[in-house]
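The chains referred to below are lettered A, B, ... by the order of the sequence lines, with proteins before strands, and numbering in each begins at 1. A quick note: this is a predicted structure, and the numbers were derived from the prediction, not measured.
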Amino acid sequence: MQGEGDLIKEMIRESELDPAEYAGVAEALASMRALVPEQAPVPSAELAALISGGVVAPLAPPQGRRHRAVVVSGVTAALLLGGGVAAANNKLPDALQRFVHDVSEKVTPWEFPEPGAKSDGPHQLPEPARNDVDQGKHVGVGDGGGKTGNLGQNTEPPKPTPPTPDKAKPTDLPTPPVETPGRVEPVKPTPTPGGKPDGVGGGQDKPAPDKGSSGKSTDAKGSTKSKG
Amino acid sequence: MELTESTVADAKSGSTDAVSLVYRVLAPKVLGYLRSRGAEDPEGLTNEVFLAVIPRLTALEGGVAGLRTLVFSVAHARYVDETRRRTRRPVQTAYEQEYDERTTPSAEATAIEQTGSGRMMHWLGQLGEEQRSVIGLRILGDLSLEQTAQVLGKSTGAIKQLQRRGLENLRQLVERDGR
């Protein structure tokens with residue numbers, strides 16, 4: 001290696017420039033050497049290990065954020081699903097089950113069982129309530145207007161309509177929820193076989209099936225009313 | 001402290017003493033070159049340069065000259081990478097009082113600025129990018145015209161022209177500002 005003065009003179013010579021005219025430039029270039037420290041910078045731990053012949057473990061390839069997000073999402077979904085199934089089957093601890101029950105009752109359209117409730121099998125959500133108004137219309141038309149109060153004009157005795165099996169089965173009725181204070185459950189009219197229609201909203205009730213007496217009893221009722 | 005052909009040969013064969021000597025001799029020059037280019041973290045970049053160079057020593061060809069060419073090729077490439085990175089995203093730096101222009105420089109800082117490399121850095125900053133590279137590699141890296149041409153991927157004639165224009169521009173700046 002040549003001295004700094006020699007190198008700078010050589011550069012000026014190589015460039016076919018007059019060294020006398022570039023004395024100031026040579027001085028400025030020499031001042032650049034002040035940027036070079038006397039000591040080498042302290043090597044990092046990794047570099048020090050490399051210099052001393054140590055084995056440098058390769059860095060683990062960085063896991064992408066997307067990969068992490070997918071894993072976290074999968075675990076969360078699995079936990080939620082498992083928790084939901086356990087809550088629906090009333091398999092959670094009492095305190096947790098009560099919490100799930102309360103929250104689901106207030107926030108969601110589903111209802112989870114309360115702790116302590118019987119859990120023989122998977123909990124069945126109640127069926128939606130029947131549209132009684134539609135049923136009443138349908139029954140009224142089928143009655144031929146016999147429940148409108150104009151019984152005297154009826155020439156034909158109303159045919160007793162046998163109750164539809166799915167409407168008459170008491171076992172198909174939704175289980176009335178336990179009444180809690182501050183919560184009023186709407187009372188639904190229950191069709192009573194053989195019950196007397198109230199006459200005002202008679203269209204909503206079905207006529208009592210009376211296979212044994214056919215139209216006679218109706219006639220007798222109608223005649224009594226018309227006489228009175 | 002100088003590098004000899006035997007030292008480079010020892011470093012090539014894996015001698016830790018020789019590798020350590022290579023680092024102690026060349027790292028200050030690399031650091032000086034990166035400082036002259038205005039690198040954001042010249043010390044960290046110097047580390048990166050030798051992390052890349054040392055594993056390649058076993059395949060080194062050309063002795064001391066080849067080693068200098070290799071080291072400054074990597075250093076220049078790292079500087080270029082850092083410059084591109086900086087242009088893509090803004091740099092956030094911690095507050096350092098000495099770089100706060102709202103303060104009056106100390107007497108020591110003023111002395112360094114007037115006598116040392118401060119003015120030269122200012123003049124270098126007004127040269128073209130390639131002219132700065134050539135002058136920095138030649139003065140601080142002790143590279144020949146041919147070695148500089150290899151580092152920058154240009155012909156020796158092109159480097160000679162860049163060097164000449166750089167020196168002419170420097171002369172104008174020195175005469176304008178006074179020495």
Side-chain angles (χ1 to χ4, degrees), chain A residues 1-70, chain B residues 2-3 14-16 19-20 22-36 42-44 46-51 54-55 64 68 112 115-121 123-124 134-136 138-140 142 144-145 159-161 163-168 170-171 173-175 178-179:
Chain A
M1 177 184 158
Q2 52 195 326
E4 64 184 51
D6 294 339
L7 176 64
I8 293 169
K9 282 178 187 170
E10 186 183 325
M11 284 174 66
I12 293 170
R13 247 192 337 267
E14 284 167 352
S15 304
E16 300 169 0
L17 300 170
D18 184 1
E21 291 180 1
Y22 281 81
V25 173
E27 192 178 332
L29 290 173
S31 71
M32 279 180 75
R33 298 271 183 169
L35 295 171
V36 178
E38 289 185 5
Q39 300 285 328
V42 178
S44 65
E46 190 181 3
L47 180 58
L50 191 63
I51 290 172
S52 62
V55 178
V56 180
L59 295 174
Q63 297 284 349
R65 288 184 177 181
R66 190 174 173 178
H67 175 75
R68 247 178 314 193
V70 168
Chain B
E2 289 298 327
L3 286 179
S15 162
T16 55
V19 172
S20 178
V22 165
Y23 178 75
R24 289 201 307 274
V25 171
L26 291 182
K29 298 180 188 301
V30 170
L31 180 57
Y33 174 69
L34 293 172
R35 280 177 176 169
S36 77
E43 284 83 3
T46 302
N47 260 286
E48 284 185 29
V49 169
F50 282 90
L51 278 171
I54 290 174
V64 176
R68 285 183 181 277
I112 292 173
T115 61
S117 55
R119 279 197 299 179
M120 184 59 197
M121 290 285 287
W123 290 329
L124 275 178
V134 170
I135 290 177
R138 295 227 54 198
I139 301 288
L140 300 172
D142 291 330
S144 66
L145 276 176
I159 296 298
K160 201 170 173 180
Q161 282 297 318
Q163 179 178 281
R164 179 187 171 91
R165 283 193 217 117
L167 291 175
E168 287 172 345
L170 264 180
R171 181 187 171 201
L173 291 168
V174 168
E175 288 180 351
R179 278 180 282 166

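Separation of atoms CD (Gln163(B)) and CD (Glu14(A)) is listed at 5.0 Å; rounding is to 0.5 Å. Separating the CH2 atom in Trp123(B) from the OG atom in Ser31(A) is a distance of 7.0 Å, to the nearest 0.5 Å. Between atom CE of residue Met32(A) and atom CG of residue Leu140(B) there is a gap of 4.0 Å, rounded to the nearest 0.5 Å. The distance from the CG atom of Leu35(A) to the NZ atom of Lys29(B) is 12.5 Å, given to the nearest 0.5 Å. We find the CZ-OG distance between Arg165(B) and Ser15(A) to be 11.0 Å, quoted to the nearest 0.5 Å. Distance CZ/Phe50(B) to CD1/Ile51(A): 8.0 Å, rounded to 0.5 Å.
Here the closest non-hydrogen pair linking Pro28(B) and Pro37(A) is CB-O, 3.3 Å. What you find for Tyr23(B) and Ala40(A) is that their closest heavy atoms are CE2-CB, 3.8 Å.
With sequence neighbours excluded, the residues that form a side chain to side chain contact (heavy atoms under 4.5 Å, CB included) with Val25(B) are Met1(B), Leu3(B), Leu21(B). Shown here are the side chain to side chain contact (heavy atoms under 4.5 Å, CB included) partners of Thr16(B), two or more places apart in sequence or in another chain: there are none.
Residues Arg138(B) and Glu10(A) form a side-chain contact, since some pair of their non-hydrogen atoms from C-beta on lies under 4.5 Å apart. Leu47(A) is listed as a side-chain neighbour of Ile54(B), based on a closest heavy-atom distance under 4.5 Å. Side-chain contact between Leu31(B) and Val36(A) is absent, with no heavy-atom pair separated by less than 4.5 Å. A 4.5 Å side-chain heavy-atom check between Ile139(B) and Met11(A) finds at least one atom pair inside the cut-off.
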Is there a side-chain contact (heavy atoms from CB on, under 4.5 Å) between Leu29(A) and Leu167(B) once you walk through the steps? CA-CA 9 Å; Leu29(A) 290 173; Leu167(B) 291 175; 3.7 Å; yes
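Both the backbone and the side chain of Glu16(A) come within contact range of chain B, each with at least one heavy atom under 4.5 Å from a heavy atom of that chain. Leu124(B) touches chain A through its side chain: at least one heavy atom from C-beta onward sits under 4.5 Å away, while N, CA, C and O do not. Heavy-atom distances place both the backbone and the side chain of Glu168(B) under 4.5 Å from chain A.
Checked by atom type and distance alone, the side chain of Asn47(B) never pairs as donor or acceptor with a backbone atom of Pro43(A) at under 3.5 Å.
In terms of heavy-atom pairs under 4.5 angstrom with chain B, the leader among Ile12(A), Leu17(A), Val42(A) is Leu17(A). Interface check for chain A: of the options Met121(B), Glu43(B), Lys160(B), Glu48(B), the most heavy-atom pairs under 4.5 Å are formed by Lys160(B).
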